[in-house]
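Below is one structure; the comments refer to it alone.
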Amino acid sequence: MNIYRLLRAYTLCSNPRIKAIGLLVLHLLHIRYTCLYLDPALGCNIRCKMCYFSDEQIRHKMHGSFTMDDIHAIAKSLFPYLLKLQLGCGAEPTIYPNLKDIIILGKQYGVKYISMTTNGNLLSESKLRELVQSGLDEITVSLHGMTQSTYEYLMQGASFDKFKGLIESIKVVKKDFPKFKVRINYTVNEDNIDDLKYFDKLIGTTADILQIRPIQKIGDSVYNNFCMKGVIDKYEECLLNVVNYCHKNGITCLYPSLDNIKALTDGYDGNQTDNTNQLVNLIPHFYLSPHTGWKEKIDPYKDNFYDYSRKTKRTKQMLKYIFSTKNNSKPDVTKSLNYNIK
């Protein structure tokens, strides 16, 4: 299944009511449309400066791990209704010892697409091969610099040599599993915008997908330069150049428009309300992690996805978006970015 073809088709529709109608139909017919973002363990092996794991107080609060009984309950409760399973969202999934078993369960329950977001520093070629053999469809590698100095400055505790070794391992595994997808997530800021020039030499056509996302403050972190001026000034020179490279080489690229980036700094008061289109886009997404009291959101030992949907009045929410009288023509240029897909 080409998940990015579906995403492109979904984003091409600018009318939130049509999107909400489509999602409601899928929901009522029990057709898979949901993506579960699952952190099996709350922890990380490195301390990226732009991440809340770089803050010592927050890091000490971020702990917990699902037992395999929890994982089996979650799988039975939610996996039969998933279109996509995303392992790793706010934490590093490769620290979880039973990662392979989650992937196997996902495929047993018919999940169409399983992806994993990781910094990759704990992945050997044999471990990566094991995960792909188990059913992993995509690896999403978090990358914040394409030179050693920038990479190790922004990703404290990570090794640039290990990252380059991972790229070589990926090349080997992809030869045996040509359908396996590689995605690079690059959080761009004033200190690493120039590094985009080296994408072709470091990654090149090993990647199938590249997402470039501007830095935003999502919690306390060591890094505190959220100014977009340098990114805006070099938008065409650095960002659009790599977008054009990807387009020419058959690499799917998700990237923000210049207006989206400007909206992060120009007149944004931090309390702006998301418009209906952006709220509708959140409907298919569901997050679960082993934080204290996680069963208060959904108890997989008792409820499945549709039990949860009834409790949270999901159908009513969709109908609200369909029959909303609000002006939905407002451009989606707010802090919640809409990425171009090329």
Side-chain angles (χ1 to χ4, degrees), residues 39 41-60 62 87-96 116-128 139-173 182-207 209-231 233-234 237-239 241-242 245-246 251 255:
D39 276 325
L42 291 177
C44 190
N45 57 307
I46 65 174
R47 304 290 179 258
C48 290
K49 285 190 173 184
M50 293 183 285
C51 176
Y52 43 71
F53 272 107
S54 65
D55 182 274
E56 186 175 353
Q57 290 184 343
I58 294 178
R59 189 167 67 247
H60 287 163
M62 295 283 287
L87 297 171
C89 181
E92 174 55 44
T94 59
I95 66 173
Y96 190 73
M116 177 180 72
T117 299
T118 175
N119 59 58
N121 266 230
L122 295 179
L123 280 177
S124 62
E125 182 183 322
S126 60
K127 181 64 175 179
L128 177 63
I139 182 174
T140 299
V141 183
S142 298
L143 175 66
H144 306 319
M146 298 191 192
T147 60
Q148 182 170 1
S149 58
T150 307
Y151 179 91
E152 293 184 354
Y153 167 71
L154 290 173
M155 304 180 71
Q156 290 189 328
S159 165
F160 191 62
D161 287 337
K162 286 184 179 179
F163 174 78
K164 290 192 293 184
L166 174 63
I167 296 301
E168 294 305 312
S169 296
I170 287 173
K171 291 177 182 178
V172 174
V173 172
V182 178
R183 171 171 167 167
I184 302 295
N185 276 4
Y186 195 83
T187 302
V188 68
N189 57 45
E190 287 194 324
D191 291 308
N192 66 7
I193 179 70
D194 288 305
D195 275 31
L196 282 173
K197 297 176 182 178
Y198 308 111
F199 175 81
D200 59 334
K201 294 180 180 179
L202 181 63
I203 310 292
T205 55
T206 303
I209 306 101
L210 169 65
Q211 180 177 14
I212 304 170
R213 49 188 181 186
I215 184 175
Q216 296 191 51
K217 186 175 179 60
I218 58 172
D220 292 329
S221 62
V222 170
Y223 192 83
N224 58 13
N225 180 9
F226 301 100
C227 177
M228 288 287 105
K229 185 179 185 304
V231 176
D233 290 344
K234 297 183 178 181
E237 175 189 353
C238 297
L239 198 149
N241 270 347
V242 76
Y245 170 84
C246 290
I251 301 169
Y255 64 100

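Numbers for residues simply follow the sequence, beginning at 1.
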I would like to know whether Y186 and I193 meet side chain to side chain contact (heavy atoms under 4.5 Å, CB included); could you show each step before the answer?
CA-CA 10 Å; Y186 195 83; I193 179 70; over 6 Å; no
Stepwise side chain to side chain contact (heavy atoms under 4.5 Å, CB included) test for K197 and E237
CA-CA 9 Å; K197 297 176 182 178; E237 175 189 353; 3.2 Å; yes
Start with the C-alpha distance between Y223 and I215, add both sets of side-chain angles, then the distance that settles side chain to side chain contact (heavy atoms under 4.5 Å, CB included), and finish with yes or no.
CA-CA 10 Å; Y223 192 83; I215 184 175; 3.4 Å; yes
List the steps and the verdict of side chain to side chain contact (heavy atoms under 4.5 Å, CB included) for L202 and I167.
CA-CA 8 Å; L202 181 63; I167 296 301; 5.5 Å; no
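The minimum heavy-atom distance linking T117 with S142 is given by the pair CG2-OG, 3.7 Å. The nearest pair of heavy atoms linking V182 to T206 is CB-O, 3.6 Å. G43 and A91 make their closest contact through O-CB, 3.5 Å (heavy atoms, listed as atom of the first residue, atom of the second, distance). Taking each heavy atom of S221 and C51 in turn, the nearest pair found is CB-O, 3.4 Å. Here the shortest heavy-atom pairing between C44 and R47 reads O-NH1, 2.8 Å.
Between the side chain of N121 and the backbone N or O of A158, no donor-acceptor pair lies under 3.5 Å. Proximity of a side-chain donor or acceptor of D39 to a complementary backbone N or O of C89 within less than 3.5 Å is detected.
The side chain to side chain contact (heavy atoms under 4.5 Å, CB included) check on N241 picks up nothing, with sequence neighbours excluded. Applying the ring-ring contact (aromatic ring centres under 6.0 Å, His included) criterion to Y151, with sequence neighbours excluded, gives F160, F163. Take D195 and apply the side chain to side chain donor-acceptor pair (under 3.5 Å) test, not counting sequence neighbours, and it matches T147, T150. Qualifying side chain to side chain contact (heavy atoms under 4.5 Å, CB included) partners for E125, counting only residues two or more places apart in sequence or in other chains: R129, S169, V172, V173. Residues meeting the side chain to side chain donor-acceptor pair (under 3.5 Å) test with S124, sequence neighbours left out: S126.
Residue N224 holds its CG atom at 11.0 Å from CG of N189, rounded to the nearest 0.5 Å. Atom CZ of F199 and atom CD1 of I184 lie 6.5 Å apart (nearest 0.5 Å). The CE atom of M50 sits 10.5 Å away from atom CG of N225, with the distance rounded to the nearest 0.5 Å. Within the model, atoms CD of Q216 and OG1 of T187 stand 10.0 Å from one another, a figure rounded to the nearest 0.5 Å. Between the CG atom of D233 and the NZ atom of K229 there is a distance of 4.0 Å, given to the nearest 0.5 Å. The SG atom of C238 sits 6.5 Å away from the CG atom of L196 when rounded to the nearest 0.5 Å.
In the model, N119 has a side-chain atom that pairs as donor or acceptor with a side-chain atom of N45 under 3.5 Å. Side-chain polar atoms of E92 and T118 form a donor-acceptor pair below 3.5 angstrom.
By the 4.5 Å heavy-atom criterion applied to side chains, M116 and T94 are counted as neighbours.
For residues 182-192, there are no salt bridge (charged side-chain N to carboxylate O under 4.0 Å, His left out) pairs, not counting sequence neighbours.
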